[in-house]
Protein chains: 2
Amino acid sequence: MTPQTRRTGRTGRPPRLSQEAILTAAQRLLDEEGPEHLSMRRLAQELSSTAMALYHYVRDKDELLLLLLERHAQRFPRPALPADPRERLLAASQALHDILAECPWIVEVLASDDLMAVSALWIVENMIDAAIQCGLGPDEAVYAYRVIWYYTAGELTIRVNRVRHHAGLERPPHRDKAFAALTPDEFPRLASLAGRWDEITTRDTHREGLVAIVDGLLSRAGGARGAT
Amino acid sequence: MTPQTRRTGRTGRPPRLSQEAILTAAQRLLDEEGPEHLSMRRLAQELSSTAMALYHYVRDKDELLLLLLERHAQRFPRPALPADPRERLLAASQALHDILAECPWIVEVLASDDLMAVSALWIVENMIDAAIQCGLGPDEAVYAYRVIWYYTAGELTIRVNRVRHHAGLERPPHRDKAFAALTPDEFPRLASLAGRWDEITTRDTHREGLVAIVDGLLSRAGGARGAT
DNA sequence: ACCTGAACACCGTTCAAGT
DNA sequence: ACCTGAACACCGTTCAAGT
């Protein structure tokens, strides 16, 4: 939605708000208070305005979030991508993750389909192009992109939920229930790992997993490179 | 939370509600009206009761959802798992997906950490055990489990969001914006695929992706099998 | 054109009171 | 022990009205 601020002469009263001001305030709210505090009412209050005034600049809350992602992706430094297609696929996938890692709350919104924000389309283009150069067919390349996207989205969703719950300080009760159920005769592997579970699962394994997934996806292509 | 229905003599007034009745009603609501209509108030109304009466049987809404997952996982037929470790890892991962595919709305809740509902712990046990039998070390096996879990969670999250938006009938506006941005000179691969994008991405590629991921994860183990 | 106020139709949860 | 009613502190969004 483009704001109704059309420059058709000098009629009407001058705007006090702007999309830019709204997005800046929203980003500050997000950074300082967390996504759970970003509501239209709270945001309006931050701008000394009313919730409804915001609807002159964004169609609804979803669009507000998408605009925030767009802004974020635009500001994000676009890394130089390696020439080697496998390395390029890895680097582009990593960029996808890194851009979203700073606003994982957005995943819920843009998870509605498989295309990204306009400002991040260069990533998708590069992922698919690199996959094709690795020897995948066009359809296979799209499917490879989607597998990586699902992995990324899952990792980010789980990450944001973890911090959300950890902010609540207390361990979720169902975790304790699960650990209590870990009898060595029924669940020998889990029981033997239980003591180190938190330690093991705290490690950031995103990159490792990404490499494994990419190699698994590319192994179907017979390792051919350079072919379009 | 166990309900306060302690059988300590026959004092007090007889309960009209029960956790069972609440869960059954909640499941029906979920099936018939969708997860977005499951609220404590709506559920109470369904039971001709008040929202607060429910809080005698569940600690909060999160626990209600977890109990629903537990019930669902219990009822889910436990498939016979193949002996071959790679096949077993695949089958258990598939079971993880299939159980959750029927209630993907739960992913948000249990995504808070990496352990599952108690009734689905056999899946995690088998995934980790099979990974170890494939030649991974215990820590590597846990990490492999987590990679698969992220992929599964992402796939399910995106799926539920897709149907949620498709229920709203109209295509999300940012999709059209993204497609409009697909100029052939800037995004040659995407532009050439744009016409078939929906067709390509509609395909259910969960299984294929899973196989690729598992193979990618296991390729690090040198193909050793049978070792603990 | 830009913004406000009141209202609609909701949430989850707490708390004191009733039977 | 079990349940209710009122209240608290919120949501996103619509609509008619004001300047």
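These values consider heavy atoms only, across backbone and side chains, with no hydrogens, waters or symmetry-generated copies. Proteins come first, then strands; the chains are lettered A, B, ... in the order of their sequence lines, and each starts at number 1.
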Determine the minimum heavy-atom distance between A:L38 and A:K61, stating which atoms define it.
O-NZ, 2.9 Å
Over how many whole Å does the gap from B:L43 atom CG to C:dT13 atom C1' extend?
15 Å
From C-beta outward on A:R41, which listed nucleotide comes closest to its side chain: C:dC8, D:dC2, C:dC3?
C:dC8
Does A:L29 offer a backbone N or O that forms a donor-acceptor pair with the side chain of A:E33 under 3.5 Å?
no
Taking the side chain of A:A51 as its heavy atoms from C-beta onward, which of D:dT13, D:dC11, C:dG5 lies nearest to it?
D:dT13
Using both distances under 3.5 Å as the test, list the Watson-Crick or G-U wobble partner of D:dC15, or none.
C:dG5
Specify the separation, in whole Å, of atom CG of B:L17 and atom P of D:dC2.
11 Å
What nucleotide among D:dT4, C:dA6, C:dC3 has an atom nearest to a side-chain atom of B:A53?
D:dT4
Rounding to the closest angstrom, what is the interatomic distance between C:dC8 and D:dC10 at atom C1'?
15 Å
Indicate whether OP1 or OP2 belonging to C:dT14 is found under 4.0 Å from a side-chain N or O atom of B:Y55.
no
Just compare C:dT13, D:dG12, C:dC3 and give me whichever is closest to any side-chain atom of A:H56.
C:dC3
Between P on C:dG12 and NZ on B:K61, what's the gap in Å once rounded to a whole number?
5 Å
N/O donor-acceptor pair under 3.5 Å between A:H72 side chain and A:I99 backbone:
yes
Do A:R207 and A:Q94 have a side chain donor and acceptor closer than 3.5 Å?
yes
Counting only side-chain heavy atoms from C-beta out, which of D:dC2, D:dT4, C:dT4 sits nearest to A:R16?
C:dT4
Any sub-3.5 Å donor-acceptor pair from B:Y57's side-chain atoms to B:L17's backbone N or O?
yes
Out of C:dC8, D:dT4, C:dT4, which nucleotide sits closest to the side chain of A:S49?
C:dT4
For a quick check of understanding: with a heavy-atom distance under 4.0 Å over all strands, which category does A:M52 fall into, base, sugar-phosphate or nothing?
base
Whether B:S39 contacts C:dC11 is assessed here as follows: a side-chain N or O lying under 4.0 Å from the phosphate OP1 or OP2. Is that the case?
yes
If I take atom OH in residue A:Y57 and atom P in nucleotide C:dA1, what distance separates them, rounded to the nearest angstrom?
12 Å
Rounded to whole angstrom units, what separation is found between the CD atom of A:E63 and the C1' atom of D:dG12?
15 Å
Write down the distance between CE (B:M40) and C1' (C:dT14), rounded to a whole number of angstrom.
13 Å
Could you check how far CG of A:L54 sits from C1' of D:dT14, rounded to whole Å?
15 Å
Atom CG of B:L65 and atom P of C:dG12: how far apart are they, to the nearest Å?
10 Å
